[in-house]
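Naming: A, B, ... by sequence-line order, numbering from 1 per chain. As the structure is a computational prediction, the values presented were derived from the model and not from experiment.
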Number of protein chains: 2
Amino acid sequence: MSEKFDAILSSANLPQSGGLLYLRLRNLIAQSIDEGFLAPGDGLPSERDIAQMTGLSRVTVRKALGQLVSEGVLFQRHGSGTFVTQQVERFEQSLSTLTSFSEDMARRDMELRSQWLDRGIYAPAPEEMVILGLAGDEKVARVGRLRIANGVPLAVERAAIAASILPDPQSITHSLYAKLNETGHRPVRALQRIAAVNLDQKNAALLGVAPGSASLRIERTAYLASGRVVEFTRSIYRGDAYDFVAELRDAKS
Amino acid sequence: MSEKFDAILSSANLPQSGGLLYLRLRNLIAQSIDEGFLAPGDGLPSERDIAQMTGLSRVTVRKALGQLVSEGVLFQRHGSGTFVTQQVERFEQSLSTLTSFSEDMARRDMELRSQWLDRGIYAPAPEEMVILGLAGDEKVARVGRLRIANGVPLAVERAAIAASILPDPQSITHSLYAKLNETGHRPVRALQRIAAVNLDQKNAALLGVAPGSASLRIERTAYLASGRVVEFTRSIYRGDAYDFVAELRDAKS
DNA sequence: CAGTGGTCTAGACCACGCC
DNA sequence: GCGTGGTCTAGACCACTGT
């Protein structure tokens, strides 16, 4: 198990030559993975063993490992060990056609699961009143889901819809858009705002990745043909699992 | 200076009650900022002072501060101190029209500067040969720039163009697209792939943010009217400074 | 229960900024 | 020169996982 490491680590004479110790160890491990000495799923020696092998303190070893964990190269399981991350399959989503997550995955032949985080009628937050154009006494339906494809959590999706349009959020079984379709409230147009954010602890736990991992926050405002706002959704997509693809055309043509 | 902190920190009796120490300190500071006790630009006491005030070790204080730094709430300057982050102005970019960074900023009346990272003719990498459709002996022009708007570094942009289209990259002064326009090689269509990634150390240093900060990596492949690929650009945009906006339409309409 | 990662301490020295 | 953050050490104890 750790003979492999003895070769990798001792050959490099870490304490010699210039540079910061934790960075040299970090690069050594990263390089070993790049060159295939360490394969995805492989376990590393314990932090204490690495410290002894390299002659570094455990704190310094932890700093090197911690940086690779925050970059998504390694992951650690309390009480179990440190391992090389399995590359997850990346998904693509178009930024020009308007489809829901469920429809998108069905087209790809993925096994999609959802875990309900929230599904009910609430008094609207000020933000929701403004965006959805709610009257003072109107309620809002909130639908929050964790989206899981082939067993991998991909996104946290929280939608808000006027209760007058969706009075019974509990009745949604699969697709929100399918439900809106039934009642003639399917949106025909949407604006999406995309930003990169570091995951907070709560969303990181839901998505099964390290806090601070890069993710895409997408705020979508969807409109009916009449121009009325029908849906406002704020989603968090795992950065390591999702690509968004857009086609641009020359403004002058 | 630190009387304010004495009140904040001592009133909370950190070492008492449950929970992890570094998280309690982290939350205490975050809360102080949320509630306005600490304003953007304000300095915090030194790590050693905070340690003494709270009765924690400096390592633990650093762990609490480090988490807030990685979230972009605080920033630290070596030899100077720890400060509350100034909110940077966010920029929006459309994902439906094809414009270059220079043109985009000029429209906004921003003072744009570029710092050259790279500008020359090279032997192409395999990836470049495939994407740009280069012959075996054809060279590639690389144009790498750090984009700075109103003094704030916003993006790292690295473009690759066939040398037969852009034989003299040194002659570019401002806009790459303006240059391509001159020689009749302006792209009319582009595909963009957008992903969220954690910044590595090098790009983080260029953009002036903490390593690990969330950023948007955008790979753009641009096409001439003839269908030939004219440009492949890989850019890194600061996540805290950029929103991308897309308009979606129903596939069925 | 043995081994793992997670937290925490009390020190030390270095590198940088500012006066 | 003095104070700041940045690195590093040698230990300790806790919490979780596996057998």
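When rounded to the nearest whole Å, the span between CD of B:Gln52 and P of D:dG3 equals 13 Å. Here the C1' atom of nucleotide D:dC16 and the NE2 atom of A:His78 are 4 Å apart, to the nearest Å.
Between B:Arg142 and B:Glu128 there is a salt bridge, since at least one side-chain N of the basic residue sits less than 4.0 Å from a carboxylate O of the acidic one. Salt-bridge annotation for A:Arg158 and A:Glu219: absent, with no side-chain N of the basic residue lying under 4.0 Å from a carboxylate O of the acidic one.
Nearest-nucleotide positions on DNA chain D place B:Gly81 closer to the 5' end than the other of A:Ser57 and B:Gly81. Residue order along DNA chain D, read from the 5' end via each residue's closest nucleotide, puts B:Ser46 first among A:Gly79 and B:Ser46. When each of B:Arg77 and B:Thr60 is assigned the nucleotide of DNA chain C bearing its nearest heavy atom, the one mapping closer to the 5' terminus is B:Thr60.
In this structure, A:Thr85 OG1 and A:Asp240 CG are separated by 8.5 Å, a value rounded to the nearest 0.5 Å.
Residue contacts for A:Arg48: at a heavy-atom cut-off of 4.0 Å it reaches a base atom on one of the strands shown. In this structure, A:Arg58 reaches the bases: a heavy-atom distance under 4.0 Å links it to at least one base atom across the strands shown.
For the pair B:Arg77 and B:Phe83, the cation-pi test (distance below 6.0 Å, angle within 45°) is passed.
The span of DNA chain C lying next to chain B, judged by atoms under 4.0 Å from heavy atoms, is bounded 5' to 3' by C:dT7 to C:dG17.
Proximity of a side-chain donor or acceptor of B:Arg90 to a complementary backbone N or O of B:Gly239 within less than 3.5 Å is detected.
The side chain of B:Thr82 places an N or O atom within less than 4.0 Å of a non-bridging phosphate oxygen (OP1 or OP2) of D:dG5.
Aromatic rings of A:Phe244 and B:Phe244 (six-membered ring for Trp) have centroids beyond the 6.0 Å cut-off, not under it.
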